[in-house]
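The structure under discussion appears below in the form of structure tokens.
Throughout, numbering of the chain's residues begins at 1 and tracks the sequence. Since the model is a prediction, treat every value here as computed from it, not as a measurement.
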Amino acid sequence: MDLKLSTLLCFTLLLFTILIPTLSELCNPHDKKVLFEIKAAFNNPYILISWNPDVDCCTTWNNVECDPTTNRIISLTILSYDRISGQIPPQVGDLPYLETLVIRKQPNITGPIQPSIAKLKHLKTLRLGWNNLTGSVPDFISQLKNLTFLELYYNNLTGPIPSSLSMLPNLASLRLDRNKLTGKIPSSFGQFVGVIPDLYLSHNQLTGKIPTSLGKMDFRGIDLSRNMLDGDASFLFGLNKTTQTVDLSRNMLEFNLSNVEFTKSLISLDLNHNRITGSIPEELTEVKLQFFNVSYNRLCGQIPMGGNLQNFDNTSYFHNRCLCGTPLPSCK
């Protein structure tokens, strides 16, 4: 009996000896090597302290995720505020199966958007917001055909917006707001080849007219506020659209509001600080607006009664040429 027990114990130990290394090495060796290079490039920050060579990166490391089938690295996410510094390492492009790359809220991350990112053909999410990145929005991003979310907001990016971004067929959200981008809005943004993305270009230095081609798009949300855009914008609206939010505030736009047709899906409309003329359409009483601001324009006439228009205080309407009626003083 003792012999049988001893044999069983020996067999069990042998089995564990074989299995334990296998279980501890789920992480692909190439991916693990690259991750250590990335850690070194960031000067071994405390946030990556879990990246220990003696443990499995798929089961133990923070900030990364492995594919459950292939065990290749598919996600690299660094979110904690102000924990890393330097430039985005070129080695991020050496994680060939990466689907998600998130480096956000790191004000000491500087330099350009790393060109090696162009190699990440499986990339679906690229979120590099709230950093201190400089240089241009690179044209190579248009090569990432699986990209769904592109977020580069709150940086110091300069130069024009690449027209090639409209060639991304799966793009659901395009956020280039709060940078220092210049030039015109590309007319190609009225010709997105697949999904029509939410479009956020606010707080830049964009100039010229809004391309009329954008009127062909049914944006769910569009924010062009705080630029230097001029001319017409009425073509962005329409009864048959499903748009929910529009912010065109603080530009130099000039059009007549009187005959603009608004979809009933609209919940937020901000047109303040422009040069818009005409009157507020009666049809807006049928739109269940949750936010509305037409202040600092050149509107006239009585504010239509009904719907949600009287739910907003006078700051949504004041500083117009001759707008009157509740919540402003009554018309004479």
Can you give me the closest heavy-atom contact between V137 and I141, atom names plus distance?
CG1-CD1, 4.4 Å
Looking only at heavy atoms, what is the nearest atom pair of I280 and L257, with distance?
CA-CD2, 4.3 Å
Looking at L299, is its backbone amide N or carbonyl O close enough to the side chain of N320 to form a donor-acceptor pair, meaning the two atoms are under 3.5 Å apart?
yes
D218 and K241 ion-paired at < 4.0 Å
no
For W130 and Q106, run side-chain contact (heavy atoms from CB on, under 4.5 Å): C-alpha distance rounded to whole Å, both residues' side-chain angles, the deciding distance at 0.1 Å, then the answer.
CA-CA 6 Å; W130 297 86; Q106 307 295 332; over 6 Å; no
Is the shortest side-chain N to carboxylate O distance from E151 to R175 below 4.0 Å?
no
Start with the C-alpha distance between K288 and N308, add both sets of side-chain angles, then the distance that settles side-chain contact (heavy atoms from CB on, under 4.5 Å), and finish with yes or no.
CA-CA 6 Å; K288 296 180 179 179; N308 289 349; 4.1 Å; yes
Between D270 and N272, is there a donor-acceptor pair closer than 3.5 Å when you use the side chain of the first and the backbone of the second?
yes
Would a hydrophobic clustering, with Ile, Leu, Val, Met, Phe, Trp and Tyr connected at side-chain separations under 4.5 Å, put I49 with L35?
no
Could you check whether the SG atoms of C331 and C324 sit less than 2.5 Å apart, since that is the cutoff I want to apply?
yes
Under 30°, 30 to 60°, or over 60°: which ring-plane class applies to W61 and F36, parallel, tilted or perpendicular?
perpendicular
Given side chains that start at C-beta, do those of I47 and N63 come closer than 4.5 Å, heavy atoms only?
yes
Locate the shortest heavy-atom distance separating Y154 from N179; write the atom from each residue and the value.
N-ND2, 4.3 Å
Is there a side-chain contact between D31 and L95 (heavy atoms, below 4.5 Å)?
yes
Look only at the side chain of N204 and the backbone of N227, and say whether a donor-acceptor pair between them is shorter than 3.5 Å.
no
Mind checking whether Y200 and L176 sit in one hydrophobic cluster, side chains of I, L, V, M, F, W, Y counted as touching below 4.5 Å?
no
Closest heavy-atom pair, P45 versus I84, reported as atoms and distance to 0.1 Å, is CG-CG2, 3.6 Å
Test item: N256 side-chain N/O and S258 main-chain N/O as donor-acceptor pair under 3.5 Å:
yes
With side-chain contact (heavy atoms from CB on, under 4.5 Å) as the criterion, how do Q87 and T110 come out once you've worked through the C-alpha distance, each side chain's angles and the decisive distance to 0.1 Å?
CA-CA 5 Å; Q87 298 192 9; T110 59; 4.1 Å; yes
Near R220 CZ, under 6.0 Å, is it more than 12 heavy atoms from other residues, nucleotides or ligands?
no
K124 atom NZ: more than 12 heavy-atom contacts under 6.0 Å
no
Between K119 and D94, is the closest basic N to carboxylate O distance under 4.0 Å?
yes
N/O donor-acceptor pair under 3.5 Å between Q191 side chain and S187 backbone
no
Could you tell me whether the SG atom of C66 lies less than 2.5 angstrom from the SG atom of C57?
no
For Y153, is the NZ or CZ atom of R178 found under 6.0 angstrom from the centre of its six-membered ring and inside 45 degrees of the ring axis?
no
Does a salt bridge link D232 with K209, judged by any charged N lying under 4.0 Å from a carboxylate O?
no
Given 3.5 Å as the limit, does a donor-acceptor pair link the side chain of N156 with the main chain of K180, or not?
no
Sidechain-backbone polar pair: S249 side chain, S225 backbone, donor-acceptor under 3.5 Å
no
Establish whether I103 and I38 are linked, either directly or via other cluster members, by ILVMFWY side-chain heavy-atom contacts under 4.5 Å.
yes
Does the structure place the NZ or CZ of R83 under 6.0 Å from the centre of the six-membered ring of Y46, at an angle of no more than 45° from the ring's axis?
no
For A172 and F149, the nearest pair of non-hydrogen atoms, with its separation, is CB-CE2, 4.4 Å
Quick check: is Y97 connected to L26 through a chain of hydrophobic side chains (ILVMFWY, heavy atoms under 4.5 Å apart)?
no
May I ask you to check whether over 12 heavy atoms, not counting those of N240, lie within 6.0 Å of atom CG?
no
side-chain contact (heavy atoms from CB on, under 4.5 Å) evaluation trace for V195 with T148
CA-CA 9 Å; V195 177; T148 303; over 6 Å; no
L328 and F312: same hydrophobic cluster, using ILVMFWY side-chain contacts below 4.5 Å?
yes
Find out whether Y317 and L309 are in side-chain contact, i.e. whether some heavy atom of one side chain is under 4.5 Å from a heavy atom of the other.
yes
Using atom types as modelled and distance alone, determine if a side-chain donor or acceptor of N297 lies under 3.5 Å from a backbone N or O of N274.
yes
Heavy atoms only: give me the nearest F262-P281 pair and the separation to one decimal.
CE1-CG, 3.9 Å
